[in-house]
K.L.:
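I'd like to ask some things about the structure below.
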Amino acid sequence: MRRLLLVTALVCCASPQPPPGSAGPAEAVKEFATAAQKGDAATAWSLLSSRTQQRAEALATRARAASGDGKPESGRAMLFGSALPGKPIEARVVSQEGDTAQVRTNQEGGRVYRVLREGDRWRVDLDLPD
């Protein structure tokens with residue numbers, strides 16, 4: 001009985017997980033890449049900047065009109081339609097000024113992501129075509 005009470009107390013007192021992107025720019029890139037690798041479209045999408053989300057929606061709208069089959073349904077579906085397997089991501093901030101950071105990863109020979117702070121969260125800002 002005591003063991004059950006102790007376990008219950010520990011579970012009840014555990015602090016909730018912070019929202020994705022709240023820890024810092026390098027962590028936001030890691031969380032984004034991990035979510036994309038796992039096929040967790042909701043988390044990956046939430047870690048994109050509002051500018052990137054708007055551009056993805058515009059691209060999806062144009063693609064949908066051109067395809068004639070109603071696909072992709074959304075920018076999120078277009079970008080994260082399936083899991084993208086890969087090796088674990090390592091990321092480090094190479095520069096940071098105010099609400100903008102550059103984060104280098106071990107992907108594609110040292111890919112650098114631009115990361116923006118929007119409100120209290122860091123979000124990945126992708127360069128999508130116009």
K.L.:
Report the C-alpha distance between E90 and T105 in whole Å, list the side-chain angles of each, state the deciding distance to 0.1 Å, and finish with yes or no for side chain to side chain donor-acceptor pair (under 3.5 Å).
P.N.:
CA-CA 5 Å; E90 296 173 20; T105 69; over 6 Å; no

K.L.:
Assess, by modelled atom type and distance only, whether the side chains of T43 and S46 contain a donor and an acceptor separated by less than 3.5 Å.
P.N.:
no

K.L.:
With side chains defined as the heavy atoms from C-beta onward, is the minimum distance between D127 and R51 less than 4.5 Å?
P.N.:
yes

K.L.:
Write down the atom of Q96, the atom of G98, and the distance for their closest heavy-atom approach.
P.N.:
NE2-O, 3.9 Å

K.L.:
Without swapping roles, check the side chain of D40 against the backbone of T34 for a donor-acceptor pair under 3.5 Å.
P.N.:
no

K.L.:
Does CD in E118 sit with more than 12 non-hydrogen atoms of other residues, nucleotides or ligands closer than 6.0 Å?
P.N.:
yes

K.L.:
Are a donor atom and an acceptor atom from the side chains of E57 and S74 found within less than 3.5 Å of each other?
P.N.:
no

K.L.:
Linking Ile, Leu, Val, Met, Phe, Trp and Tyr by side-chain heavy atoms under 4.5 Å, what else ends up with L47?
P.N.:
V29, F32, W45, L48, L59, M78, L79, F80, V93, V103, Y113, V115, W122, V124, L126, L128

K.L.:
For A33 and Q107, work out which heavy atoms get closest and say how close.
P.N.:
CB-NE2, 4.3 Å

K.L.:
Working to the nearest 0.5 angstrom, can you tell me the gap between L116 CG and T100 OG1?
P.N.:
5.0 Å

K.L.:
Salt-bridged, R64 to D69, with N to O below 4.0 Å?
P.N.:
no

K.L.:
Would you call R123 and D99 a salt bridge, using N to O less than 4.0 angstrom?
P.N.:
no

K.L.:
Considering non-hydrogen atoms only, spot the tightest contact between G21 and A28 and give its length.
P.N.:
CA-CB, 4.1 Å

K.L.:
Can you name the closest pair of heavy atoms from A41 and R76 and give their distance?
P.N.:
O-CD, 3.8 Å

K.L.:
For the CZ atom of R104 and the OG atom of S95, what is their distance to the nearest 0.5 Å?
P.N.:
9.5 Å

